[in-house]
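Structure first, then comments.
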Amino acid sequence: MSPNEKTASARILSDVIKADSIIEKSEMMKLGELRKKFDIRSEHLQKGQGMTFSEALSVLRGMDKENVDEFLADLYDLSISDGSCCPKEAQLILAIKYCFEDGLRDHSRVFSCNSKDFNITSDQYVVYVESDEDTDKNKEIRRNLAIIVNSLKVIGFDFIYIPKLVDEFKAMSPEYVKDVIHYMAPQLDRDTKVNDIYNRMCNLTTYEFCQKVLCEENKVDAIRDTEPALLVSVGNSIVPYVDSSGGCHSYMEFLKINIKDDVVSEIVTLCDIYRDLVDDRIVMPLRPRKDRFKYFGFYKALLDFLVSGENEAEGKVQIDMKNRVVSIQNRPGISLHLSKDKLALFFLLIHENLFSDGLSYKKDGTGRCIIADKLRKSTKEILKKSGASDRSDTKLEAFFGNLPVTLSKLKNELCSERRLPELLSFIPKKTKKRGEDGNDEICYRVRINPDMIMVKYEIGQYAPVEEIAVKDE
């Protein structure tokens, strides 16, 4: 092993030992054997403290199959050295197997999220996530929901499926749910705001939950542009002395499994691997009871998100084209200043996603952008309104030729102002395919609610984006 691999191994061995919060003498003896076997010294243990579990896995991901098999066997021996592999130890080994083993590693990864940002606390759960609604996957989950829920419940995991949560809300007495909401947020008007929250609860989508609750509220950026996937809780990492205060930072660890074929097959594989690790831990499914409003875990995060959105006046995105400033309504003193090209591209993305099928163009064999006439017209008008003095064809060609670079810089800008998390939802998703003419077709799409966009071209009032759209002649 290289020095970095020894450090990463030290971190993982330490996490497995501390998973159940009890350090047995037998575990320390086994650790001594493994330290000698892998030549892990005190400096490796010390440096390993500065890594998260996911960072350690990324270092070890390049190990060959023989070393992987041996390392997994040693980890399992370590986990049962105190007599049994407990659920928390099994969660860690499960994640390691998915990151290392053939047939699993090609569609999975482990990532960390700072616990201070992530306020959904629960030990064992699997969440279905997606960036765009996948009709086939959702139909499959609906058809097999009881099988999925019970399969995971038997091994001690809850299955979080947002449409099911919505169904639970709908099945409750509306007045009862509104009473609970008003109890949690008594400052809200019972007849208007509470009713609005109830309606949102009954119409929430998986996309909105992933984008608003997980990505924006809880900073889980790793699922921002995800294909249908299962998000599995793994545990947490404590990293001490990472700042000048000398304090510790805690990170939630997640295993993300992209769904290759069908959802049920992925669930069965997950359950089989976990059951092999802890086959004596059986948790029988509980019969659900109607009219029990759960205020914990994902249920709490969902209600807190909906209520907090009503506590503050709705934050519409305001785009000041003249001064090149992006801000959020009712968030005084906080704004994002953009260059002319970045502001023009920001508004162009919004414009083309609202009034077309996304920002699309082709690339020829030399990599040059081929732009449709309609997009040229829109861009020329938007460059004019963003204050660009030169709106010639040469400027237009330079703008499109530099589009990927400008877009990359724009993404960094949108992520830079942490006090405006709403802007993260404007980071576009890129799709690419080969057109019939042999050229690459590229499209950037963003899900946008037009009611939440206000634009001002000159000194005066902000206007809804529909009113200042570039019109076709």
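Note that the coordinates shown come from a computational prediction; the quantities given were computed from them, not determined experimentally.
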For this session: Apply side-chain contact (heavy atoms from CB on, under 4.5 Å) to Glu441 and list each qualifying residue two or more places apart in sequence or on a separate chain.
Result: Lys362, Lys433

Exercise. Can you check whether Leu270 reaches Leu94 side chain to side chain, under 4.5 Å on heavy atoms?
Worked result: yes

For this session: Decide yes or no for Tyr444 and Tyr361: does some side-chain heavy atom of the first lie under 4.5 Å from some side-chain heavy atom of the second?
Result: yes

Exercise. If you measure from CG on Leu336 to CD on Glu413, what distance do you get to the nearest 0.5 Å?
Worked result: 5.5 Å

Exercise. Listed by chain and number, what are the side-chain hydrogen bond (donor to acceptor under 3.5 Å, both in side chains) partners of Asn199, not counting sequence neighbours?
Worked result: none

For this session: Could you tell me which non-hydrogen atom of Asp357 sits nearest to which non-hydrogen atom of Cys443, and how far apart they are?
Result: O-SG, 3.4 Å

Seminar exercise, completed: Hits for side-chain contact (heavy atoms from CB on, under 4.5 Å) against Cys99, two or more places apart or cross-chain, chain-then-number order -> Leu57, Arg61, Val110

Problem set entry | Polar side-chain atom of Ser58 near backbone of Glu55 as donor-acceptor pair, under 3.5 Å | yes

Exercise. Residues in salt bridge (charged side-chain N to carboxylate O under 4.0 Å, His left out) with Glu266, at least two apart?
Worked result: none

For this session: Please report the C-alpha distance between Met51 and Val59 in whole Å, then the side-chain angles of each, then the deciding distance to 0.1 Å, and finally whether the side chain to side chain contact (heavy atoms under 4.5 Å, CB included) criterion is met.
Result: CA-CA 10 Å; Met51 284 183 172; Val59 171; 4.0 Å; yes

Problem set entry | ring pair (Phe, Tyr, Trp, His ring centres under 6.0 Å) involving Phe346 - partner list, sequence neighbours excluded | Phe426

Seminar exercise, completed: d(Leu255 CG, Ile96 CD1) to nearest 0.5 Å is 11.0 Å

Problem set entry | Atom of Cys415, atom of Ile427 and distance for their closest heavy-atom approach | SG-CD1, 3.5 Å

Exercise. Under a 4.5 Å cut-off applied to non-hydrogen side-chain atoms, are Gln211 and Arg224 in contact?
Worked result: yes

Side-chain donor/acceptor pairs under 3.5 Å, residues 136-149, sequence neighbours excluded:
| residue | atom | partner | partner atom | Å |
| --- | --- | --- | --- | --- |
| Lys137 | NZ | Asp261 | O | 3.4 |
| Asn138 | OD1 | Tyr161 | OH | 2.7 |
| Asn138 | ND2 | Glu130 | OE1 | 3.3 |
| Asn138 | ND2 | Glu130 | OE2 | 3.3 |
| Asn138 | ND2 | Asp134 | O | 2.8 |
| Glu140 | OE1 | Val263 | N | 3.0 |
| Glu140 | OE2 | Val263 | N | 2.9 |
| Glu140 | OE2 | Val264 | N | 3.1 |
| Arg142 | NH1 | Asp167 | OD2 | 2.5 |
| Arg142 | NH2 | Asp167 | OD2 | 3.4 |
| Asn144 | ND2 | Glu140 | O | 2.9 |

For this session: Say whether, by atom type as modelled, one donor and one acceptor occur between the side chain of Arg11 and the main chain of Ala56 under 3.5 angstrom.
Result: no

Problem set entry | Those residues that, when tested against Asp179, pass salt bridge (charged side-chain N to carboxylate O under 4.0 Å, His left out) (two or more places apart) | Arg190

For this session: Mind running side chain to side chain contact (heavy atoms under 4.5 Å, CB included) on Lys430 and Leu407 for me, showing each step along the way?
Result: CA-CA 11 Å; Lys430 178 181 177 181; Leu407 183 62; over 6 Å; no

For this session: Give me the one residue out of Phe53, Tyr98, Phe111 that meets ring pair (Phe, Tyr, Trp, His ring centres under 6.0 Å) with Phe254.
Result: Phe111

For this session: Examine distances only and state if a side-chain atom of Ser233 and a backbone atom of Tyr125 form a donor-acceptor pair shorter than 3.5 Å.
Result: yes

For this session: Would you name the heavy atoms of Tyr128 and Thr206 that are closest together and state the gap between them?
Result: O-CG2, 3.7 Å

Exercise. Tyr198: what forms a ring pair (Phe, Tyr, Trp, His ring centres under 6.0 Å) with it, not counting sequence neighbours?
Worked result: none

For this session: Please step through side chain to side chain contact (heavy atoms under 4.5 Å, CB included) for the pair Asp158 and Leu152, ending with a clear verdict.
Result: CA-CA 6 Å; Asp158 290 320; Leu152 288 168; over 6 Å; no

Problem set entry | Minimal non-hydrogen separation, Asn195 against Asp191, with atom names | CB-O, 3.6 Å

For this session: Scan side-chain atoms only and decide if Asn258 and Lys260 contain a donor-acceptor pair under the 3.5 Å cut-off.
Result: no

For this session: Can you sort out the partners of Thr205 under side-chain contact (heavy atoms from CB on, under 4.5 Å), two or more places apart, ordered by chain and number?
Result: Tyr207, Glu208

Problem set entry | N/O donor-acceptor pair under 3.5 Å between Ser408 side chain and Pro404 backbone | no

Problem set entry | Partners meeting salt bridge (charged side-chain N to carboxylate O under 4.0 Å, His left out) with Asp225 (sequence neighbours left out) | none

For this session: Would you give the length of the straight line joining atom CG of Leu277 to atom CG of Asp272, rounded to the nearest 0.5 angstrom?
Result: 11.0 Å

Problem set entry | Minimum side-chain heavy-atom gap Pro428-Lys411 below 4.5 Å | yes

Exercise. Is it true that Asp132 and Lys429 have a side-chain N and a carboxylate O under 4.0 angstrom from each other?
Worked result: yes

Exercise. Of all residues at least two apart in sequence or in a different chain, which pass the salt bridge (charged side-chain N to carboxylate O under 4.0 Å, His left out) check with Lys432?
Worked result: Asp440

Problem set entry | Residues forming a side-chain hydrogen bond (donor to acceptor under 3.5 Å, both in side chains) with Ser416, sequence neighbours excluded | none

Exercise. Do the side chains of Met452 and Val317 get nearer than 4.5 Å, heavy atoms only?
Worked result: no

Seminar exercise, completed: Separation between CG (Asn353) and CG (Leu359), nearest 0.5 Å, reads 7.5 Å

For this session: Output yes when a side-chain donor or acceptor of Ser131 lies under 3.5 Å from a complementary backbone atom of Thr226, and no otherwise.
Result: yes

For this session: Could you tell me the separation between the CD1 atom of Ile162 and the CG atom of Leu204, rounded to the nearest 0.5 Å?
Result: 6.0 Å

For this session: Find the distance between CG (Leu345) and CG (Leu338) and round it off to the nearest 0.5 Å.
Result: 9.5 Å

For this session: Please test Leu230 against Ile259 for side chain to side chain contact (heavy atoms under 4.5 Å, CB included), starting from the C-alpha separation and ending with a verdict.
Result: CA-CA 7 Å; Leu230 300 173; Ile259 299 171; 4.3 Å; yes

Exercise. Are Leu410 and Leu349 side-chain neighbours, meaning at least one heavy-atom pair lies under 4.5 Å?
Worked result: yes

Problem set entry | Non-hydrogen atoms of Pro87 and Gln124 that approach each other most closely | CB-NE2, 4.0 Å

For this session: Could you tell me whether the side chain of Ile334 reaches within less than 4.5 Å of the side chain of Ile328, counting heavy atoms only?
Result: no

Exercise. Taking the side chain as C-beta and beyond, is there a heavy-atom pair between Asp320 and Tyr462 under 4.5 Å?
Worked result: yes

Exercise. Taking the side chain from His182 and the backbone from Leu188, do they hold a donor-acceptor pair closer than 3.5 Å?
Worked result: yes

